[in-house]
Structure formats: structure tokens, C-alpha cells
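Note on naming: letters A, B, ... go to the chains in the order of the sequence lines (proteins, then strands), and numbering restarts at 1 for each one.
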Amino acid sequence: MKIGYPCINTSIGCTSNRTFRLKSYSEEKLRYKIRMNLKCLEETLIYNQQHNLLFFRMGSGIIPFASHPICKVDWADEFQKELESIGNFTKKYKFRISMHPDQFVVINSPDKSVVERSIAELEYHSKLMDTMKLDSTCKIQIHVGGKYGDIYSAMDRFMDRYSGLDEKIKKRLAIENDDRLFSLRDCLHISKRVKIPVIFDTLHHECNNNNEPIGKAMESAFKTWKRKDGIPMIDYSSQKKGARKGSHTESIDTKHFRDFLEKSRGLDFDLMLEIKDKEKSALKARKIMGSERSARV
DNA sequence: CCATGTCAAGGTCAC
DNA sequence: GTGACCTTGACATGG
């Protein structure tokens, strides 16, 4: 099992998500930001390797405006050397890498132009990972999308659109149960028909479920992962106290986490901690797991 | 230099 | 039908 956190390291003083305003777009600026982002991505991965955090979600902003029509820079070609070198680093130390495009990627939208932009964004994500020469165990996770008043036709539309995608994208895509619209059961229904792996999100499942106990829920999600997809991925978080339902906690809730470990005993997966203080909680989690393991021996 | 309003993109829900 | 909210940091402007 590998442990990780998403996108940003809060200790090393750089971010690989630097961007700028569309209004001030220039190719020089774009190249500069990409260079800075890649440099920081590398630093972040070095930190992670040294701290044994070998699961990492790359931010979507590494190449700003990559899927926007304004961008004419052939970034994959210009930065091929750097991207491949970072990819090699992740392979040398056996990292697991993922990405998670944000809310604007909605492939089941009834609006054609939304779908086109979503696909362009997915093309960017898969091209980035392809240029880094990452294999198909490195996933791009998305939500099913909107419901538009009829969840069944919304799911059908997802399956249609997914089936029509380029294999380069399809081989990396995974869907995640969300906290309001598409539950684990809905994701499994889709997965059964179009063979897409399901990433189980613990907090979303707490918010939106059909009374499946978490252990059973995890097992059923894991069955959707084939050999080429690698070990199943999990998004773990817990509810922020006193905040809106679904809000991620600031820092790991150790009692909740130990309980989760207990319920997932015997299962193998890579664990993404979606917690606000990022690597700090990931390190705590790693420590807890270490002590649990020695306690069991 | 610092504070504050703003940023490519969608969708849902309350009113 | 409209506006707040999700979520989020960092950009960029204006004082």
C-alpha cells in the first residue's frame, strides 16, 4: 500500500500549480510558468520519495491553459525532456501517480460545447501522462457529472460518451462516487456496463450511500480494477466538524482513521488522503499505519 | 507593500 | 429565473 496527498506540498515553499490570468497571456509567460511548475513538481516528488509518500496526485494546473484555444505552444514537445525525466524518477522509486481534473469536466452534459471542452481537458491530462511515459495504472479520476433531473438518462449519456472516447483517455479514466448525485451503487452500475474502474471515496460514501457498510463497499469497488489498472485507489477523508456536510477536515482525525484501517483490514489499495494540511496528515497516517502493523506482529 | 477583488471552464439548490 | 455556493490558491490591481 502506498500513501499520498493531492497536488500541493505545504512545507517546501513552492507550488506546481502556478498560473496567470488569461488577460495577461503570452507564450513567454506560459513557458516560464511551466518551467517553474515542473521544477516544483520535481522537488515535491523528491520530498515525497524521502518521506516514503509514494502515491501522488499531480495538479491540473501544471500546464496552464493547456486545453484552451489560446494555447498554441507545443508544450509536450518543448518540455519533453523534463517531463520524461520526472516520469523516470517516479518509475525509479515506484511511485503511483494520479490526476483529478476539476468540476468543469462533465462528459455527460447535454451541452455539446461543454462536452467538447471536457474532452479537450481530458486529452491534455492524458497527453501529460503519456509524455511522462506513465503506464495505465496511473489514473485520471472524474465524477460522473450532472444529473439534469433524470439520473438514468444522465448515466446512459455518460456511458455513451465514455465509450466513444479515444483509447488513450479511456485506459486512464476512473470514476469516483460523489457526495450528492452519483453514489457508489450508481458508479458500479456504470462500471459493470462499460468496464471503468471505480475509485472509492470514503467521505463521499458517508454522505451519499445505499446503506452498504464501508468494508463491503470497498470490496465491491475493488472488483472493478483489472490487472492493467493496478492496485485499487481510495480517496480517504473525514468530515470537518461543524462544517457543511462533505467538507474535508483540516487535519487527520486519528480515531476515524484507525477505524477505517480496521474496517479495511486485509484489503490492498493505494491511499490518497484528501486532507487540507496535505503532507502533514499523510505523514501522520503513515506513522499510525506503521504502529498498527507492528502491533499486529 | 499589503489588502482585496478576481480568476477559462459547470452544476445544484434555495429562494 | 437569479444568485449563492462548492473550493482554492494565487494572481493582479489599486490604495
Side-chain angles (χ1 to χ4, degrees), chain A residues 5-30 32-37 39-41 44 57-73 75 99-125 140-151 153-155 157-158 161 175-183 186 201 203-204 206-208 235 237-240 242-251 272-281:
Chain A
Y5 61 93
C7 309
I8 294 167
N9 181 301
T10 65
S11 323
I12 61 175
C14 70
T15 162
S16 56
N17 275 316
R18 299 191 82 84
T19 183
F20 56 98
R21 297 285 187 267
L22 184 58
K23 265 201 290 193
S24 54
Y25 185 90
S26 76
E27 297 197 340
E28 285 63 32
K29 208 167 211 169
L30 178 68
Y32 172 73
K33 295 289 181 179
I34 296 175
R35 206 153 47 236
M36 300 301 283
N37 285 342
K39 213 175 131 198
C40 182
L41 175 61
T44 306
R57 182 187 296 168
M58 298 195 292
S60 294
I62 290 174
I63 315 289
F65 302 108
S67 74
H68 193 282
I70 200 171
C71 177
K72 305 284 186 233
V73 173
W75 51 268
M99 295 187 83
H100 192 345
D102 59 31
Q103 59 193 342
F104 309 111
V105 169
V106 184
I107 68 171
N108 79 343
S109 173
D111 182 335
K112 246 195 165 113
S113 71
V114 171
V115 179
E116 278 166 17
R117 283 197 297 274
S118 298
I119 293 174
E121 184 71 358
L122 291 176
E123 276 166 355
Y124 149 57
H125 282 75
I140 300 170
Q141 67 183 93
I142 57 173
H143 293 284
V144 177
K147 194 170 73 170
Y148 313 98
D150 176 5
I151 198 166
S153 60
M155 288 196 284
R157 212 158 44 245
F158 178 93
R161 302 265 164 75
I175 45 174
E176 171 194 350
N177 56 307
D178 68 69
D179 58 350
R180 301 211 317 255
L181 307 176
F182 297 93
S183 66
D186 301 324
D201 185 305
L203 178 57
H204 293 167
E206 284 175 19
C207 299
N208 178 20
D235 283 346
S237 189
S238 60
Q239 175 67 40
K240 178 177 178 178
R244 180 197 62 91
K245 191 173 148 187
S247 271
H248 293 197
T249 182
E250 294 290 332
S251 180
M272 178 61 59
L273 292 142
E274 292 188 317
I275 295 176
K276 298 248 170 67
D277 66 2
K278 307 284 179 182
E279 80 286 350
K280 295 188 180 71
S281 284

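- To the nearest 0.5 Å, atom CD1 of residue A/Ile62 and atom OG of residue A/Ser16 are 5.0 Å apart.
- Results of the side chain to side chain contact (heavy atoms under 4.5 Å, CB included) test with A/His248 over A/Leu203, A/Ile275, A/Asp235 single out A/Leu203 as the only residue that passes.
- Comparing the P positions of C/dT7 and B/dC13 gives an interatomic distance of 14 Å, to the nearest angstrom.
- For the pair A/Gln103 CD and B/dA9 P, the computed distance is 11 Å after rounding to whole Å.
- For the pair A/Ser109 and B/dG11, the criterion of a side-chain N or O lying under 4.0 Å from OP1 or OP2 is met.
- Residue contacts shown for A/Arg21 include a base, since a base heavy atom lies under 4.0 Å away.
- Comparing C/dT8 with B/dC1, their C1' atoms sit 24 Å apart, to the nearest whole Å.
- For the residue pair A/Ser251/A/Lys280, the side-chain donor-acceptor check at 3.5 Å is not satisfied.
- Atom CG of A/Asn17 and atom C1' of C/dT8 are 10 Å apart (whole Å).
- C/dC5 and B/dT6 have their P atoms separated by 15 Å, given to the nearest Å.
- Rounded to an integer number of Å, the gap from A/His100 NE2 to C/dC6 P is 17 Å.
- Taking atom OH of residue A/Tyr25 and atom C1' of nucleotide C/dA12, one finds them 19 Å apart after rounding to whole Å.
- Residues A/Ile8 and A/Lys29 each lie close to DNA chain C; by heavy-atom proximity, the contact nearer the 5' end of the strand is made by A/Ile8.
- For B/dT12, neither phosphate oxygen OP1 nor OP2 lies less than 4.0 angstrom from any side-chain nitrogen or oxygen of A/Arg180.
- Nucleotide C/dC6 holds its C1' atom 13 Å from the NZ atom of A/Lys240, rounded to whole Å.
- Between C/dA10 and A/Thr15, a contact under 4.0 Å exists linking OP1 or OP2 to a side-chain N or O.
- Rounded to whole Å, the distance from CZ on A/Phe20 to C1' on B/dC7 is 12 Å.
- Taking the C1' atoms as reference points, C/dG9 lies 24 Å from B/dT12, given to the whole Å.
- Each of B/dG10, B/dT12, B/dA8 was ranked by its minimum atom distance to the side chain of A/Leu181; first place goes to B/dT12.
- Each of C/dA12, B/dA8, B/dG10 was ranked by its minimum atom distance to the side chain of A/Phe104; first place goes to B/dG10.
- No donor-acceptor pair closer than 3.5 Å links the side chain of A/Lys147 to the backbone N or O of A/Ala154.
- When the C1' atom is used for both C/dG1 and B/dA8, the distance is 25 Å, rounded to whole Å.
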Dot-bracket pairing map - DNA chain C, Watson-Crick plus G-U, both contacts under 3.5 Å, | cross-strand: ||||||..|||||||

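- Side-chain rings of A/Trp75 and A/Tyr124 approach one another, their centers coming within less than 6.0 Å.
- Under the 6.0 Å cut-off for aromatic ring centres, A/His143 and A/His100 qualify, their centroids lying closer than that.
- Within the 4.0 angstrom heavy-atom criterion, only backbone atoms of the sugar-phosphate kind lie near A/Tyr148; the bases stay farther away.
- Between the NZ atom of A/Lys23 and the P atom of C/dA12 there is a distance of 10 Å, given to the nearest Å.
- At least one side-chain nitrogen or oxygen of A/Lys33 sits closer than 4.0 Å to the OP1 or OP2 atom of C/dC11.
- Look at CG on A/Asp178: it is 18 Å from P on B/dG10, rounded to the nearest Å.
- A/Glu274 places no side-chain N or O within 3.5 Å of a backbone atom of A/Pro6 that could act as its donor or acceptor partner.
- Tested against A/Glu279 for a side chain to side chain contact (heavy atoms under 4.5 Å, CB included), the candidates A/Thr10, A/Thr44, A/Ile8 yield a single pass: A/Thr10.
- The residue A/Ser67 sits close to a base: some heavy atom pair falls under 4.0 Å.
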